[in-house]
Protein chains: 2
Amino acid sequence: MRYHKIPDETVRRLPVYLRGAMHLSQQGLESISSRHLADLLGVKPWQIRKDFSYFGDFGTPGVGYHLESLIKQINKILRLDAGQKAVLVGVGNLGSALLAFPGFGMYGFEIAAAFDVDKRKIGRRRGGVVIGDIAKLRNLRRRGICLGIIAVPEDTTQEVADTLVDAGIKGILNFSPRYITVPKRVKVITIDIAMDLARLPYYMPLS
Amino acid sequence: MRYHKIPDETVRRLPVYLRGAMHLSQQGLESISSRHLADLLGVKPWQIRKDFSYFGDFGTPGVGYHLESLIKQINKILRLDAGQKAVLVGVGNLGSALLAFPGFGMYGFEIAAAFDVDKRKIGRRRGGVVIGDIAKLRNLRRRGICLGIIAVPEDTTQEVADTLVDAGIKGILNFSPRYITVPKRVKVITIDIAMDLARLPYYMPLS
DNA sequence: TGGTGATTGCGCTCACATTCACAGACAACA
DNA sequence: TGTTGTCTGTGAATGTGAGCGCAATCACCA
């Protein structure tokens, strides 16, 4: 299957596997079988094997997957080995939480810049970066920043997205519930917290 | 198709449609066609029509969907019409942002209680609720709280989940990256912010 | 009341993803 | 070195959702 197109769902699961692998590696383990990794992550073993099989031979029959090389491989596939830099736009409640969020580091991410419209926030230091004026958001390309995180109110989302695209951003993580239009070359992933909560009651037993 | 099982993907999209419908309704519109709604939300028209067709006749040929009744119907399907109450566990950076988050209200959600382990936070008021001691998290059932939101550090997630289940919670929105084990009757939706960001570089053009 | 234009509802088909089962590969050990 | 048990890799089967086209339906208007 080495020459197939990788299913989107597989790509979506790769970070899950990566996290599990790093977790086990930190505990001093050398290798892990698909069955044990599956138990840890709450997925099925054959799902893991199938997913990995798209990229070639990761594992050793009779033993399992060597954690160190597995981590290295997934990092390479997801292009996390380069140490991606991100820019945050909107330092409100959510934005501040994201700046303080420790989880980005484990994937090699760094929030290298933050911007806001609020004059009172501009110039202040928050989570290691100085908040800049959103009007001066430019030349991110020169600083090697390719990712944008949008955490602004709903009505300015599109405007911010346009600015980010102009500044050379190639991928956007959008926390605003509004659909944004960008050139096809730019990938957008939207996280809508309220919407995820909204489908929870549907699945809950009636009483 | 009225007697079919509803696809999960359709349920996932219903909140999107609901938000779009509410947005348009607030602008004074009466009806919307699938084509226009699709343009607004960035989906395909036939996707909307198919999704709605699972639930019976929502629309009127030649006109479109009547917004007011559409909103009422989706709210009923997702059981949002009852006004769901949620409990937040973990009032750190993310938890605080969630308490201040205005987006829950539009779906009829209310964060009716918040808990933390930190003695310094307990007793304080944050976003309209008094932060309680997590050790005393009980009898949520009596207060009509069915939803739990977990925003605690990774290593205490399972413990908190168990506590919530014991307290009668029927659905959990989990912001921790760890897989949690719960009885089958409890529905868990996990939002892993770092993981969503982690698959972004894969899709970005190489240069 | 009958014609017209717009839009829905839905069966059909295709593409993609999950699940399964098993051949082949490897480690361990006698 | 032969044997045994374990685990991977993957083709084939099954399940699920997206895409599409069109008949049926309705508002509108002369």
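Every chain is numbered from 1, with letters handed out A, B, ... down the list of sequences. Keep in mind that the numbers below use all heavy atoms, side chains included, and drop hydrogens, waters and symmetry copies.
Nearest-nucleotide assignment on DNA chain C puts the 5′-proximal partner with A:D51, out of A:D51 and A:G62. Looking at which nucleotide of DNA chain C each of A:T60 and B:I32 is closest to, the 5′-most match is held by B:I32.
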(message) For B:I111 and B:I149: C-alpha separation, side-chain torsions, deciding distance, then whether side-chain contact (heavy atoms from CB on, under 4.5 Å) applies.
(response) CA-CA 9 Å; B:I111 298 185; B:I149 304 175; 4.3 Å; yes

(request) Check the pair A:L164, A:I150 against side-chain contact (heavy atoms from CB on, under 4.5 Å), reporting the backbone distance first and the verdict last. (result) CA-CA 9 Å; A:L164 284 174; A:I150 300 182; 3.7 Å; yes

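Under 4.0 angstrom from either OP1 or OP2 of C:dT18 there lies no side-chain N or O belonging to A:Y54. Proximity of B:S34 to the phosphate of C:dT8: a side-chain N or O atom is located under 4.0 Å from OP1 or OP2.
Contact annotation for A:T10: no contact, since no heavy-atom pair falls under 4.0 Å across all strands. Contacts of B:F52 with the nucleic acid, taken as non-hydrogen atoms under 4.0 Å apart, are absent.
We find that NZ of A:K50 is positioned 8 Å from P of D:dG11, with the value rounded to whole Å. We find that OH of A:Y65 is positioned 17 Å from P of D:dT6, with the value rounded to whole Å. Between A:E9 atom CD and C:dA15 atom P there is a gap of 18 Å when expressed in whole angstrom units. In this entry the distance linking CZ of B:R49 with P of D:dA18 reads 15 Å, nearest Å. Nucleotide C:dA17 holds its C1' atom 14 Å from the CH2 atom of A:W46, rounded to whole Å. Taking atom CG on B:D8 and atom C1' on D:dT16, their separation rounds to 10 Å, with Å as the unit. For the pair A:D57 CG and C:dG24 C1', the computed distance is 12 Å after rounding to whole Å. Spacing between atom NE2 of A:H36 and atom P of D:dT8 amounts to 10 Å, rounded to whole angstrom units.
Comparing C:dT8, D:dC7, D:dG17 by their nearest atom to the side chain of A:R35 picks out D:dC7. Minimum atom distance to the side chain of B:R13 is reached by D:dA18, of the listed C:dC10, D:dA27, D:dA18. Considering only side-chain atoms of B:S33, the nucleotide from C:dC22, C:dA17, C:dT7 that sits closest is C:dT7. Nearest nucleotide to the side chain of A:V63, out of D:dG9, D:dC26, C:dA27: C:dA27.
Side chain to side chain, A:T157 and A:R178 fail the donor-acceptor criterion of an N or O pair below 3.5 Å.
Using the six-membered ring where Trp is involved, A:F101 and A:F104 have ring planes that are perpendicular, over 60° apart on the 30 and 60° scheme. Note on ring orientation: taking the six-membered ring where Trp is involved, the planes of B:F52 and B:Y17 are perpendicular (angle over 60°, cut-offs 30° and 60°).
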